[in-house]
There are 2 protein chains.
Amino acid sequence: MSAATASRVLSGRGPASKAARQRVAAAATELHYVPHAAARALATRSGTRIAVAVGGQTPHTLNDPYVGRVLAATAKTAAAREVGVSLHWLPLHAPDELARLAENRGIGGVILVNPTKPALAAVPKSLRGRIAAIGIGSRDVPSFDVDNGTATTRVVQHLLAGGRRRIAMITGPPWLPCTHRAVTAYHRAVDQAGTPPRLVPGDFTAARGEAAATEIMTRWPDTDAVFALGDLSALGALGALRSAGVDVPGDVAVAGFDDIAFAALSRPGLTTTTNPVEDIAARAATAVLDRRRSSSLTFYPSTLVLRESA
Amino acid sequence: MSAATASRVLSGRGPASKAARQRVAAAATELHYVPHAAARALATRSGTRIAVAVGGQTPHTLNDPYVGRVLAATAKTAAAREVGVSLHWLPLHAPDELARLAENRGIGGVILVNPTKPALAAVPKSLRGRIAAIGIGSRDVPSFDVDNGTATTRVVQHLLAGGRRRIAMITGPPWLPCTHRAVTAYHRAVDQAGTPPRLVPGDFTAARGEAAATEIMTRWPDTDAVFALGDLSALGALGALRSAGVDVPGDVAVAGFDDIAFAALSRPGLTTTTNPVEDIAARAATAVLDRRRSSSLTFYPSTLVLRESA
DNA sequence: CCTTGTGGTGGAAGCGCTTCCACGGGTGGG
DNA sequence: CCCACCCGTGGAAGCGCTTCCACCACAAGG
């Protein structure tokens with residue numbers, strides 16, 4: 001029984017007789033053998049382990065319900081394939097961080113969450129086929145994202161149908177392509193209805209949502225609906241409005257995006273539109289693990305969730 | 001210039017002349033050299049990279065605001081030391097998973113989050129000095145946790161001071177030592193006040209909080225306060241109560257634990273008690289990276305945050 | 001019976017790094 | 001002036017695995 005044979009059966013590659021297979025399996029379980037991931041990565045020069053790289057201004061971005069959902073879903077599919085998950089913060093101002101990550105081996109694939117354009121541009125060729133992006137919808141890299149254009153249109157139409165005529169929008173970070181898609185859809189929808197566009201930049205955080213709502217009510221006091229890209233911002237806005245004595249949904253309707261768990265927990269319940277992140281993350285994980293270069297841009301449908309706030 | 005010399009200056013270990021140091025540094029930056037983590041781990045037989053292992057029934061536990069805070073804080077201190085973070089789910093029924101993790105090298109330290117007793121017992125000796133636990137408060141392994149005994153006492157006393165006399169508690173999972181500490185403190189506090197103990201088991205989730213609140217109001221309709229270990233459960237309870245037409249805090253006061261971001265966002269705002277997880281996680285990360293075996297059990301103070309719900 | 005194939009096997013090289021060790025050329029003291 | 005000493009250096013081994021390749025034994029065909 002040589003190391004070569006053992007390696008063949010344990011890694012499942014190469015020929016091995018039934019007898020050898022059984023002997024190795026028996027020995028492995030008896031000795032509680034665990035392959036040395038580093039050695040394997042070194043020899044194979046292509047680690048297993050999928051890296052989730054989250055873009056953002058501070059490491060604090062990692063603490064976000066959206067990211068939490070991505071992580072849980074990724075960890076689940078990763079565990080099923082017996083690979084690990086590592087977590088990385090991709091500073092907005094250091095796009096080459098991704099290249100370092102890739103060179104630093106041990107990783108078999110990368111899932112980018114909300115990366116900047118420069119970060120996408122800096123994707124090293126060595127990562128081809130083992131990288132996917134979610135939360136952006138870009139063509140530079142295989143992407144999986146929610147169809148937030150259609151979703152935005154539907155939300156705005158719902159608000160219009162409810163009699164709202166001055167609908168403000170709290171956007172996502174300007175450096176995200178998905179922000180542009182949503183903003184475009186928003187513009188088209190309000191233009192079509194002949195109602196004025198009111199845009200305030202956001203960053204997906206609750207704090208920014210609060211500030212943005214205050215800003216909106218100051219600049220345009222007659223606003224009767226606020227749509228925030230991201231439930232966190234929507235909930236922040238909702239809180240700020242109610243603290244200011246504004247009745248929701250009486251005076252102002254509030255709608256969010258993503259349908260995070262807290263959207264249902266808030267009072268009034270937050271009207272929002274789903275984001276099937278779990279599916280998306282699972283698909284992205286599978287794609288990078290299988291080195292599929294397919295499907296450069298896939299959009300997942302979002303469905304409107306009506307609660308009390310709008 | 002040999003590989004040996006380069007290795008010495010890059011890893012900062014061993015002697016090297018000033019000239020050599022500079023030449024290596026220059027070459028490294030020019031070539032965008034990134035050390036191969038796997039090779040290094042193999043040679044050193046002690047990887048860098050800190051593993052966060054979260055105990056729980058399903059991978060879904062990874063998606064929890066508490067865990068999110070731990071991850072963000074860990075990633076921050078890890079990034080400052082140029083080490084990676086990997087994420088693991090520690091199934092409740094597979095305590096040896098931790099041993100596999102340890103053998104699977106590449107990791108320099110482990111932070112256990114809410115591990116079970118069997119998992120703690122299964123900690124391999126090879127991990128001595130590079131492991132720490134948070135969220136449990138155990139002596140089996142260096143632990144950093146919030147002082148939830150004192151915090152619980154203070155919450156109950158606050159509820160009593162507010163005139164509440166039938167205070168129910170939604171606990172944490174029974175397999176967590178911290179649940180016992182809090183339950184003990186709760187018992188002592190209500191006994192002292194001569195009010196009846198009302199315990200319902202929880203698991204930190206919002207769904208369980210809702211169910212528990214319903215259960216409480218069914219079994220003990222005259223309950224006038226609910227204290228949940230974990231804001232998620234408290235918010236779930238709060239939602240269920242209000243849906244049942246119960247006025248909060250008029251009829252029933254609700255208090256939580258942890259002071260997650262949503263505690264402030266909810267209406268009424270959730271009265272809770274802080275959990276300095278960020279500090280705790282940072283300290284735990286530093287401890288494992290520095291291989292400190294010190295401080296077997298450190299408790300961090302919690303402060304009461306009064307909002308509208310209690 | 002010998003040839004040509006086949007599936008299974010072990011030897012050995014090598015993945016990129018660290019670290020032991022032996023060695024050379026400086027310095028200071030005798 | 002020579003020796004002992006020490007700092008800085010490069011050669012080489014080895015971390016645990018994979019994988020190429022040569023090899024053997026056997027089965028099937030001529």
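Here is the naming used below: chain letters follow the sequence lines, and residue numbers restart at 1 for every chain.
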A:Asp145/A:Arg181 ion pair, N-O < 4.0 Å: yes
query: Can you name the residues that form a salt bridge (Lys or Arg N to Asp or Glu O under 4.0 Å) with B:Arg130, not counting sequence neighbours?
result: none
- prompt: Quick one: do A:Asp259 and A:Arg69 make a salt bridge, cutoff under 4.0 Å?
  reply: no
task: Flag the pair B:Leu98 / B:Val110 as yes when at least one side-chain heavy-atom distance between them is below 4.5 Å, and no otherwise.
output: yes
query: Among residues 15-27 of chain A, which residues get a heavy atom nearer than 4.0 Å to DNA chain C?
result: A:Pro15, A:Ala16, A:Ser17, A:Ala20
query: So how far off straight is the helix from C:dG5-D:dC26 to C:dG30-D:dC1, going by the axes through five pairs at either end, to 10°?
result: 50°
Show which side-chain atoms of residues 50-60 of chain A pair as donor or acceptor with protein atoms under 3.5 Å away, not counting sequence neighbours.
unit_1, atom_1, unit_2, atom_2, d
A:Thr58, OG1, A:His60, N, 3.2

query: Can you name the closest pair of heavy atoms from B:Ile134 and B:Pro115 and give their distance?
result: O-CD, 4.4 Å
message: Could you check whether any side-chain heavy atom of B:Ile131 comes within less than 4.5 Å of a side-chain heavy atom of B:Val123, counting everything from C-beta outward?
response: yes
- prompt: Could you give all pairs that pass the salt bridge (charged side-chain N to carboxylate O under 4.0 Å, His left out) test and reach residues 1-18 of chain B, with sequence neighbours left out?
  reply: none
- prompt: Is there a side-chain contact between A:Leu176 and A:Phe204 (heavy atoms, below 4.5 Å)?
  reply: yes
- request: Would you give a per-nucleotide map of nucleotides 12-26 of chain C, 5' to 3', where B means the base has a protein non-hydrogen atom under 4.0 Å away, S means only the sugar-phosphate does, and - means neither?
  value: ---BBBBB-------
message: Using the rule given for side chain to side chain contact (heavy atoms under 4.5 Å, CB included), can you reason through B:Asn275 versus B:Ile280, listing the C-alpha separation, both sets of side-chain angles and the distance that settles it, and then say yes or no?
response: CA-CA 9 Å; B:Asn275 189 342; B:Ile280 293 175; 3.8 Å; yes
